[in-house]
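Okay, structure first, notes after.
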There are 2 protein chains.
Amino acid sequence: MASIHDVARVSGVSISTVSYALSGKRPVSEATRARIAKAAKELGYQPNARGRMLAGRRTQLLALTAPLHAETSAPAHMAFVLAVVTAARRYDYDVILLTEEEATGGLSRVTSSKLADGIVVLDVAIDDHRVDLIRDLDIPAVLIGVPGNTAGLVCVDLDFEAAARLAVDQLADNGHTSLALLGEPHAVYERGSNYPRRFRDALLTHAAARSVDCIFVESSKNPVDVRAAIDTALAAEPRPTGLVMQCAEPSQVTTLEHLAARGVRIPAELSVISAASTFDTSRFTPPLDVIPLVPAETSDRAIDLLMTTFSKRHEPVVELLAPRYFANGSVGPPPARSIPRPHTN
Amino acid sequence: MASIHDVARVSGVSISTVSYALSGKRPVSEATRARIAKAAKELGYQPNARGRMLAGRRTQLLALTAPLHAETSAPAHMAFVLAVVTAARRYDYDVILLTEEEATGGLSRVTSSKLADGIVVLDVAIDDHRVDLIRDLDIPAVLIGVPGNTAGLVCVDLDFEAAARLAVDQLADNGHTSLALLGEPHAVYERGSNYPRRFRDALLTHAAARSVDCIFVESSKNPVDVRAAIDTALAAEPRPTGLVMQCAEPSQVTTLEHLAARGVRIPAELSVISAASTFDTSRFTPPLDVIPLVPAETSDRAIDLLMTTFSKRHEPVVELLAPRYFANGSVGPPPARSIPRPHTN
DNA sequence: CTGAAAGCGCTTACAG
DNA sequence: CTGAAAGCGCTTACAG
């Protein structure tokens, strides 16, 4: 394997000139540059990362801490991991994946050994051990997600509160006065990442602010429970004419099938919005309006901020990306006249 | 940040003695060792990975090439990525995740820059560009999966042919003479990893060898199509009394629900086996017999082989792990007397 | 525009 | 049992 010395010898210059010619950090005469380029190409020279890491101040390596809980949705998780790696590559960074249960161990290790230049934290919980560690560690870090206490941190996430308001407004502006939210399975709110909670709370709050009734039901990995939840929601009084789903793809598919089976027409009888989804709701039956989760944009922005941190100390900031609404025809006005059902109770 | 020089100074020895004391690669007197350990602890010394990489012959870094296609099942994919990282950590290795579409670019990069000590290839297709590259690259590598041409390679995988035979035997031995296989969606056989093909082909071949009829149908992301496929399968002549499912979890759940809706009792009227599954079929309704995919065992073995390769050149080998069968009560004898249906056609 | 040299923080023969 | 020193392959002040 050719080294920088080989390239220097073949092109008749010093190794420093080779280094500068290849990095462009110092002007090099065109003739010299050409000879060096030719030699490097002939020899198939690739700078050795080990030498570069030690001499330079960068390893060009990021650590991504992305633990998988039982409650984690694998597709969404994968989408973010993929997006982070792709975003890092734009800056010529590679990504070390930290998955261990005792996630803080991995963080300490790659930090104290100076393996990574920076850290990306995925799937942030409200009360996250990794976040406390990050604050202590003297290493640039960015969180994708928002923990309970953001002091001293750089965070990027979708604005889930705004997304919830957007969903409510969309339905309220269409004239709906009673909604249902099909949320994540119960365990997610207990132990999972915190955005489902932020979304749910904001949605209920904003519905109340707009004088819209809203019933909240939880989904499940079990389709039977999903259908029961939907039945519960639709039995609410006054009967919901709008449904917001913020849950995994299988639960949304089950719901649509169940609604079809019950003969509930979308949007004639029920308007439906899919929220915080990473999957393609435009190919559902029927296609659904969606406020998508945006792994690529979120990760790009997170990595941009992290790279900024490398040059100049970045002040703590929580950047929330504005949600966007994509209409696919699943939202309309509520049924002209809802037939009042007999009062029980 | 304390360096090895600091530790040497504080403990009154040379840096080489510190290095040897900490690595254990040379005997060090107990007294000296104790002083060094004390100093290292006081100073919070952690060896610098950059220096270690350059001086030693190892980076303690593995590259994992795990591209995500549209056809990839995210949960299974995640399970393997997680298992590989966990397996690598047993040897104090960290894992760099390579996900790029042009996966060969990443492989060349980490190899020629000497960033990684070895490579793990996931999700191997029959005709995989990465495999050709691996053969050319002068770096230890192990594949999880089996490509069409295994010459010169070290591969580890579940023995899918044996798994298929096991499923057939289990049903045939119970007296079934007509089976159905619900496989992956069509695109998986066209472009995805190759084990579904190996499983399907072996199952059909072995069924024929045992004089068992077998109809093959494909699943889908769309539940409607899954139900149609099951209907097609059960309409086959002679009517199947055994069903093998080798497809994603949602399709298996849909199938069980559809069978329940059709009033098909398991195993009284239909025996069912779930194959190559990474999810827990014992909590399905009803619980299913399963021949699981084993990410942990497969990855552990793959990493063991890779580590062996580091010390002494390992001869090419294809290691297939024996499948195991877990009974959960979903397989029994076929219905005592199948009511012959009127001959159409 | 270019070079000689120091140095990044370790590991590991070579000596004693 | 321990130390002085070379060297891993680069980058980057320092000089000219």
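Labels below follow one simple rule: chain letters A, B, ... track the order of the sequence lines, proteins then strands, and each chain is numbered from 1.
- For D:dA4, there is no paired nucleotide, since no Watson-Crick or G-U wobble pair has both relevant distances below 3.5 Å.
- Computed from coordinates, the A:Asn48 CG to C:dC10 P distance equals 18 Å when rounded to whole Å.
- A:Gln60 places its CD atom 16 Å from the C1' atom of D:dG9, with the value rounded to the nearest Å.
- Distances were taken from every side-chain heavy atom of A:Leu54 (C-beta onward) to each of D:dT12, C:dC10, C:dC8; the shortest belongs to C:dC8.
- Considering only side-chain N and O atoms, B:Ser19 lies under 4.0 angstrom from the phosphate OP1 or OP2 of C:dT11.
- The interatomic distance linking A:Met53 (CE) with C:dC10 (P) rounds to 15 Å, in whole Å.
- Nearest-nucleotide positions on DNA chain D for B:Gly51 and B:Gly12 put B:Gly12 closer to the 5' end.
- We find that NE2 of A:His5 is positioned 12 Å from C1' of D:dT11, with the value rounded to whole Å.
- Contact annotation: B:Lys25 side-chain N/O to C:dT12 OP1/OP2 distance is under 4.0 Å.
- Between C:dG3, C:dT12, D:dC8, one nucleotide has an atom nearer to the side chain of A:Val13 than all others, and that is C:dG3.
- Pairing partner, C:dA13: none, since no Watson-Crick or wobble contact has both distances short of 3.5 Å.
- Mapping A:Pro27 and B:Ile15 onto DNA chain C by nearest heavy atom places A:Pro27 at the nucleotide closer to the 5' end.
- Straight-line distance from the CD atom of A:Glu30 to the P atom of C:dT2: 10 Å, rounded to whole Å.
- Within 6.0 Å of CG on B:Asp132 lie more than 12 heavy atoms contributed by other residues, nucleotides or ligands.
- Counting atom types as modelled, B:Arg26 pairs a side-chain N or O with a base atom of D:dT2 as donor and acceptor under 3.5 Å.
- Between A:Arg57 and A:Asp117, no side-chain nitrogen of the basic residue sits less than 4.0 Å from a carboxylate oxygen of the acidic one, so the salt-bridge criterion is not met.
- Contact check on A:Glu297 versus A:Arg324 returns a salt bridge, with a Lys/Arg side-chain nitrogen under 4.0 Å from an Asp/Glu carboxylate oxygen.
- Nucleotide C:dG9 holds its P atom 10 Å from the OH atom of B:Tyr45, rounded to whole Å.
- If you run side chain to side chain contact (heavy atoms under 4.5 Å, CB included) between B:Ile134 and each of B:Leu107, B:Val154, B:Thr111, B:Asp128, only B:Leu107 comes through.
- One finds a side-chain N or O of A:Thr17 lying less than 4.0 angstrom from the OP1 or OP2 phosphate oxygen of C:dG3.
- Within a 6.0 Å sphere centred on CG of B:Asp138, other residues, nucleotides and ligands contribute 12 heavy atoms or fewer.
- Side-chain nitrogen and oxygen atoms of B:Tyr20 include none within less than 4.0 Å of the OP1 or OP2 phosphate oxygen of C:dA13.
- OP1 or OP2 of C:dT11 lies within a sub-4.0 Å distance of a side-chain N or O belonging to B:Arg52.
- Taking atom CZ of residue A:Arg35 and atom C1' of nucleotide C:dT2, one finds them 11 Å apart after rounding to whole Å.
- Note on ring orientation: taking the six-membered ring where Trp is involved, the planes of A:Phe160 and A:Tyr195 are parallel (angle under 30°, cut-offs 30° and 60°).
- Under 3.5 Å, the side chain of B:Ser16 and the base of D:dA4 form at least one donor-acceptor pair of N or O atoms.
- When distances run from any side-chain atom of B:Val28 to the nucleotides C:dC10, C:dG9, D:dT2, the shortest one goes to D:dT2.
- In this structure, the CZ atom of B:Arg58 is 24 Å from the P atom of C:dG9, given to the nearest Å.
- Applying the 4.0 Å criterion to OP1 and OP2 of C:dT2, one finds that A:Thr32 has a side-chain N or O inside that range.
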